[in-house]
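Right, one structure below, let's go through it.
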Amino acid sequence: MNRKVFLAFIMFCGVMAGMMTACSETDDEEVEYPNWQKRNVAYFDSIYNEAIQNKDGKWDTIRAWSLSDTETRLQPYDYIVVHKEEVGTGSGCPLYTDSVMVHNLGKLLPSTSYPDGYVIEKSWTGDFEDYNPQTARAKKWYVGGLIDGYTTALQRMHIGDRWRVYVPYKLAYGTTDYNGIPAYSNIIWDIKLLGYYHPGGEQPYLDAKKANTNLWVME
């Protein structure tokens with residue numbers, strides 16, 4: 001075989017192998033998250049409409065904290081939807097500059113490999129219905145360092161509240177993939193607010209049972 005023809009054949013095979021690999025990777029991604037944007041938009045529209053109907057009196061819609069007060073042309077995706085699972089008795093709400101202590105679990109909509117939804121963060125083992133405050137592990141977050149949807153919820157919660165929070169993708173990670181979370185992903189959170197503290201003083205331990213428990217606002 002002519003040397004030039006042989007080299008051309010080898011290069012052709014390499015290009016084809018690369019194309020097949022790329023196609024395979026794309027196919028895998030599409031199979032894992034089929035019609036992802038369309039499904040997420042439709043799901044949030046459905047949840048938003050359910051909240052507007054509010055048949056059990058526990059639903060609410062909350063406008064994103066980051067929107068201007070003068071903004072009037074609002075869409076459903078400018079809001080988070082919350083279902084109030086438990087109502088706390090605490091007075092006051094965390095501020096944007098505060099840090100909070102929470103139990104939380106966040107996940108995506110069901111996909112091929114995760115029929116219950118891929119879990120992106122959790123304080124307890126299992127799913128939403130498996131929450132046990134005695135065994136859940138508290139997490140500490142800076143309110144202003146979270147996605148818009150989570151930050152919006154925290155600034156309206158009182159200590160003891162437990163909310164199911166539905167965050168549209170535009171108030172989550174938007175149209176960009178992030179740390180294994182595909183673009184256009186709604187995120188469903190279960191959040192229990194345990195306490196918060198204001199900046200400027202000594203930072204409290206995450207374990208509220210320790211000596212500086214008085215630094216946490218717990219009621």
Q) Within the side chain of Ser123, is there an N or O that forms a donor-acceptor pair under 3.5 Å with the backbone of Asn104? A) yes
Q | Pairs satisfying salt bridge (Lys or Arg N to Asp or Glu O under 4.0 Å), at least one member in residues 115-126, at least two apart | A | Glu121-Lys139
Counting only pairs under 3.5 Å, give me each side-chain donor-acceptor contact of residues 44-52, with atom names and distances, residues two or more places apart or in other chains.
| unit_1 | atom_1 | unit_2 | atom_2 | d |
| --- | --- | --- | --- | --- |
| Asn49 | ND2 | Asp45 | O | 3.1 |

Q: Using the test salt bridge (charged side-chain N to carboxylate O under 4.0 Å, His left out), find all partners of Arg39 that sit at least two apart in sequence or belong to another chain.
A: none
(Q) Tell me whether the NZ or CZ atom of Lys140 lies within the 45° cone about the ring axis of Tyr197 and under 6.0 Å from its centre. (A) no
**Q.** Partner set under side-chain hydrogen bond (donor to acceptor under 3.5 Å, both in side chains) for Ser111, not counting sequence neighbours
**A.** Glu32
Q) Roughly how far, to the nearest 0.5 Å, is CG of Leu154 from CD1 of Ile191? A) 5.5 Å
Q: Taking ring-ring contact (aromatic ring centres under 6.0 Å, His included) as the test, write out the residues that go with Tyr114, two or more places apart.
A: Tyr118
(Q) As a test of understanding, state which of Asp60, Thr61, Val167 forms a side-chain contact (heavy atoms from CB on, under 4.5 Å) with Val81. (A) Thr61
Q) Would the number of heavy atoms belonging to other residues, nucleotides or ligands and lying under 6.0 Å from OH of Tyr142 be above 12? A) yes
**Q.** Considering all heavy atoms, the nearest Tyr150-Leu146 contact
**A.** CD2-CD1, 3.6 Å
Q. Are a donor atom and an acceptor atom from the side chains of Thr135 and Trp124 found within less than 3.5 Å of each other?
A. no
(Q) For Tyr96, give me all partners under ring-ring contact (aromatic ring centres under 6.0 Å, His included), at least two apart in sequence or on another chain. (A) Trp65
Q. Is Ile187 reachable from Tyr43 through a run of I, L, V, M, F, W or Y residues, each pair having side-chain heavy atoms under 4.5 Å apart?
A. yes
Q: Work out which heavy atom in Ile62 is nearest to a heavy atom in Thr152; give both atom names and the distance.
A: CG2-CG2, 3.7 Å
Q.
Going by salt bridge (Lys or Arg N to Asp or Glu O under 4.0 Å), name the pairs with one or both residues in residues 142-155, residues two or more places apart or in two chains.
A. none
Q.
Once salt bridge (Lys or Arg N to Asp or Glu O under 4.0 Å) is applied, what residue pairs with a partner in residues 158-174 remain, sequence neighbours excluded?
A. Glu86-Arg162, Arg162-Asp190, Arg164-Asp190
Q: Give the minimum heavy-atom separation between Pro115 and Pro110, together with the two atoms involved.
A: O-CB, 3.2 Å
Q: For Trp36 and Ser185, work out which heavy atoms get closest and say how close.
A: NE1-OG, 2.8 Å
Q) Between the side chain of Asn54 and the main-chain N/O of Lys58, is any donor-acceptor distance below 3.5 Å? A) yes
Q | Partners passing salt bridge (charged side-chain N to carboxylate O under 4.0 Å, His left out) against Asp56 (at least two apart in sequence or in another chain) | A | none
Q) Transitive ILVMFWY cluster of Val87 at side-chain heavy atoms under 4.5 Å: who else is in it? A) none
Q) What heavy-atom pair brings Ala183 and Thr176 nearest, and what distance separates the two atoms? A) CB-N, 3.6 Å
Q | Closest non-hydrogen atom pair, Asn40 against Leu109 | A | OD1-CD1, 3.6 Å
Q: List in chain and number order the residues that pass ring-ring contact (aromatic ring centres under 6.0 Å, His included) with Trp163, two or more places apart in sequence or in another chain; answer none if no residue qualifies.
A: none
Q: Using ring-ring contact (aromatic ring centres under 6.0 Å, His included) as the criterion, list what pairs up with Tyr184, not counting sequence neighbours.
A: Tyr169
